[in-house]
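Working notes, structure below.
Within every chain, numbering begins at 1; the chains are lettered A, B, ... in the order of the sequence lines, protein sequences first and strands thereafter. Quick caveat: nothing in here was measured; it's all calculated off a predicted structure. Just the heavy atoms: all of them, side chains too, but no hydrogens, waters or symmetry mates, feed the values below.
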Amino acid sequence: MAEESALERERREKVARWRSAGRDPYPYEFPGRVGTDVVRSACAQLSSGSEDLATTMRVAGRLKIVRQHGKTAFADLDDLAGSLQLMLRVNELGEEPYRVWLSDLDPGDIVGAEGHPSVSRRGEPSLLVRSLTLLTKAIAPPPEKYHGIQDVEERIRRRYVDLLASPEVRARFRARTLLVREVRAYFDELGFLEVETPALLRVAGGAAAAPFVTHCNYLDADVQLRIAEELALKRLLVGGLERVYEIGKVFRNEDLDSTHSPEFTELEAYWAYADYHDMRRLMEGLLDRVASRALSLFPDDPTVQAAAARFRPPFATLDFVDGLEHASGLSDLLGKSREELRSLARAVGSTVPDNSSTGTFLDKLFEHYVEPTIDRVTFVVDHPAATTPLAKRHRSKPSRVERFELFTSDFELANAYSELTDPDEQVARFREQLGERGDDRYALDQDFVDALKFGMPPATGVGFGVDRLIMGVLGIPSIKETILFPLVRDR
RNA sequence: GGGCCCGUAGCUCAGUCGGUAGAGCAGGCGGCUCUUAACCGCAAGGUCAGGGGUUCGAAUCCCCUCGGGCCCGCCA
């Protein structure tokens with residue numbers, strides 16, 4: 001806000017007037033306040049047009065709207081608990097204070113009020129104000145009182161304005177935190193240990209994505225921000241921690257769109273002495289619990305009710321290869337050469353590089369033929385081995401791995417394996433991947449292979465985007481609406 | 001990276017065929033002792049995202065740049 005508008009000048013003059021009257025426009029405290037909900041419940045037993053003069057209460061919050069009627073006025077005050085009408089009358093406040101308040105107070109100011117629970121003649125719970133205190137003068141005017149901020153760009157760049165203008169936005173971000181708390185409780189109760197692993201790595205691994213690169217002065221070497229938590233958490237299984245999970249930011253130097261953000265919150269969990277069937281049951285229980293919480297948080301919101309209901313079990317299952325062959329009309333996909341798969345992928349419009357792996361081409365075919373047909377929460381299972389270097393080979397299906405991906409109609413939500421534990425096979429699978437891609441971004445993590453040599457117990461692991469989980473259960477169409485401050489370009 | 005769309009007052013939005021900028025809210029002044037987006041009157045508020053071009057004349061048509069949205073591609 002470089003230029004001072006006429007509106008801001010006006011408000012600064014009010015600040016100056018306030019100061020010259022010996023009052024602090026930015027005081028330090030307002031002790032003894034209660035939430036607006038407390039006043040509301042104190043009003044519950046009062047009849048319209050009456051007040052409880054024996055009770056005095058203090059509330060504080062942001063002034064939203066002032067409605068003046070000459071010698072009486074109404075103002076709506078917002079706090080985290082909701083909103084409350086303040087009743088201001090010359091009778092209670094006195095001529096001079098009443099006049100000063102109404103001339104120097106603006107919507108957007110943060111004020112404290114002391115008064116009596118009261119119900120207006122029209123039946124609105126209110127505080128009959130005895131005294132007011134300016135707690136913070138707002139210099140910048142708030143957005144339009146009815147429409148708020150509509151411009152998507154402005155809402156993201158200045159999320160604080162979006163939040164202060166919209167109780168719905170506040171409720172959505174509060175719900176995000178409560179739902180993540182539910183996720184934590186679920187893993188904690190199952191005996192999983194929450195851990196923190198490094199975000200700064202010499203080589204980012206565990207997924208294939210372009211990393212952010214920065215420089216470490218201490219090491220005098222480039223370091224990368226993590227693109228996954230997987231390789232660190234599996235080392236902990238080698239170390240005997242048996243059940244671990246992490247909720248943390250991962251960073252992928254890729255484009256931002258409605259389901260991708262360069263930094264996002266990932267949960268990964270690893271569970272020793274269990275396989276991907278166990279993990280599927282765990283995930284079903286987690287989705288059920290999170291969806292139930294979402295349903296109870298927004299009982300009157302039809303969007304949330306419809307969205308969350310889709311995350312209640314049972315869920316559909318689709319075999320990757322059967323599903324792809326059925327949807328595409330192709331057959332014997334696992335018997336086809338890389339060149340054949342490449343031309344099939346090219347035929348459906350994919351522009352991935354010629355030297356991509358067979359797994360990449362199969363993924364492209366799946367994305368084209370199958371993903372658009374997924375209309376409910378579905379476990380896609382048993383992918384071709386070529387798509388997945390970190391999973392164990394399937395016990396009974398040749399050329400496959402034990403893996404599931406959880407899809408909604410809108411995006412991939414979770415990815416889980418029976419984890420590969422054989423260090424020699426791990427090296428071979430990495431080499432296969434590297435050789436086909438010829439891409440040194442995905443450098444082999446030798447220390448991870450060394451860790452496997454010490455022995456990792458049989459285990460299953462899962463990873464999912466927390467932001468996407470929130471999108472799914474709350475029915476939010478854009479990942480930016482689940483992230484408080486998404487990355488934006490300079491203006 | 002490609003395509004389509006958008007950017008007008010602090011905010012929400014109009015702006016016709018190219019004729020020189022409009023409303024509501026907020027703010028200012030005045031009125032009103034029960035409103036709920038209060039109401040009534042008056043006045044004020046603009047680099048029409050930025051730059052260039054066409055034209056007697058551009059918010060409007062053309063080109064470039066910036067920012068954003070949607071779709072496609074890419075992101076094992």
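At a threshold of 4.0 angstrom between heavy atoms, the contacts of A:G148 are confined to the sugar-phosphate backbone, with no base atom among them. Within 4.0 Å of A:D151, counting heavy atoms only, lie sugar-phosphate atoms of the nucleic acid but no base atom. Nucleic acid contact class of A:L362 (heavy atoms, under 4.0 Å, all strands): none. Among the heavy atoms of the strands, none lies under 4.0 Å from A:S126. Note on A:Q68: a base of the nucleic acid sits closer than 4.0 angstrom, heavy atoms only. Within the 4.0 angstrom heavy-atom criterion, only backbone atoms of the sugar-phosphate kind lie near A:V352; the bases stay farther away. Nucleic acid contact for A:N91: base, since at least one base atom lies under 4.0 Å from a heavy atom of the residue. When heavy atoms are screened at a 4.0 angstrom cut-off, A:K364 is found touching the sugar-phosphate backbone but no base atom. Using a 4.0 Å heavy-atom distance criterion, A:R157 is classed as a sugar-phosphate-only contact.
Here B:rG73 is the nucleotide among B:rA37, B:rU12, B:rG73 with the atom lying nearest to any side-chain atom of A:T351. Ranking B:rC25, B:rU36, B:rG68 by closeness to the A:E124 side chain, first place goes to B:rU36. In this structure, of B:rU12, B:rA38, B:rA26, it is B:rA38 that holds the atom nearest to the side chain of A:R67. Between B:rU33, B:rA38, B:rG27, one nucleotide has an atom nearer to the side chain of A:I65 than all others, and that is B:rA38. The side chain of A:M87 has B:rC34 as its nearest neighbour among B:rC34, B:rG67, B:rC74. Ranking B:rG27, B:rU36, B:rC70 by closeness to the A:Q85 side chain, first place goes to B:rU36.
Taking atom P on both nucleotides, B:rC62 is separated from B:rG45 by 32 Å, rounded to a whole Å. Taking atom P on both B:rC6 and B:rA21, the two are 23 Å apart, rounded to the nearest angstrom. Using atom C1' as the reference point in both B:rU60 and B:rU16, the two lie 11 Å apart (nearest Å). Using P as the reference atom, B:rA49 and B:rU12 are 15 Å apart when rounded to the nearest Å. Taking atom P on both B:rC64 and B:rC4, the two are 11 Å apart, rounded to the nearest angstrom. For B:rC56 and B:rG51, the P atoms lie 23 Å apart once the distance is rounded to whole Å. Separating the C1' atom of B:rA44 from that of B:rG10 is a span of 14 Å, rounded to the nearest Å. Across B:rU8 and B:rG15, the matching C1' atoms stand 9 Å from one another, rounded to whole Å.
A salt bridge is defined here as a Lys NZ or Arg NE, NH1 or NH2 lying under 4.0 Å from an Asp or Glu carboxylate O, and A:R403 with A:D382 fails to meet this definition.
Enclosure of atom CD in A:Q45 by more than 12 non-hydrogen atoms of other residues, nucleotides or ligands within 6.0 angstrom is indicated. In A:F485, the CZ atom is crowded: over 12 heavy atoms of neighbouring residues, nucleotides or ligands sit closer than 6.0 Å. Environment of CG in A:L80: sparse, with no more than 12 heavy atoms of neighbouring residues, nucleotides or ligands closer than 6.0 Å.
Counting to the nearest Å, the P atom of B:rG73 and the NE2 atom of A:H260 are 12 Å from each other. A straight line from CD of A:E254 to P of B:rG1 spans 13 Å, rounded to a whole angstrom. The interatomic distance linking A:L84 (CG) with B:rU36 (P) rounds to 17 Å, in whole Å. Nucleotide B:rC71 holds its C1' atom 14 Å from the CG atom of A:D255, rounded to whole Å. When rounded to the nearest whole Å, the span between CG of A:D257 and P of B:rC74 equals 13 Å. With rounding to whole Å, A:E144 atom CD is found 16 Å from B:rA23 atom P. A:E10 places its CD atom 12 Å from the C1' atom of B:rA26, with the value rounded to the nearest Å. Rounded to whole angstrom, the span from the NE2 atom of A:H69 across to the P atom of B:rA37 amounts to 12 Å.
Checking the phosphate oxygens (OP1, OP2) of B:rG28, a side-chain nitrogen or oxygen of A:K14 falls inside 4.0 Å. Phosphate contact (OP1/OP2 of B:rA37, side-chain N/O of A:K145, threshold under 4.0 Å): absent. At the phosphate of B:rG68, OP1 or OP2 sits under 4.0 Å from a side-chain N or O atom of A:R489. Side-chain N/O atoms of A:T72 include none lying less than 4.0 angstrom from OP1 or OP2 on B:rC32.
Looking at which nucleotide of RNA chain B each of A:L102 and A:S120 is closest to, the 5′-most match is held by A:L102.
Partners of A:F74 by ring-ring contact (aromatic ring centres under 6.0 Å, His included), not counting sequence neighbours, listed by chain and number: A:H69. For A:R155, the side chain to side chain donor-acceptor pair (under 3.5 Å) test picks out A:D162, A:E481, with sequence neighbours left out.
Exactly one of A:L390, A:L452, A:T421 qualifies for a side chain to side chain contact (heavy atoms under 4.5 Å, CB included) with A:K234. That residue is A:L390.
Geometrically, A:R280 engages A:F379 in a cation-pi contact, judged by NZ or CZ lying under 6.0 Å from the ring centre and within 45° of the ring axis.
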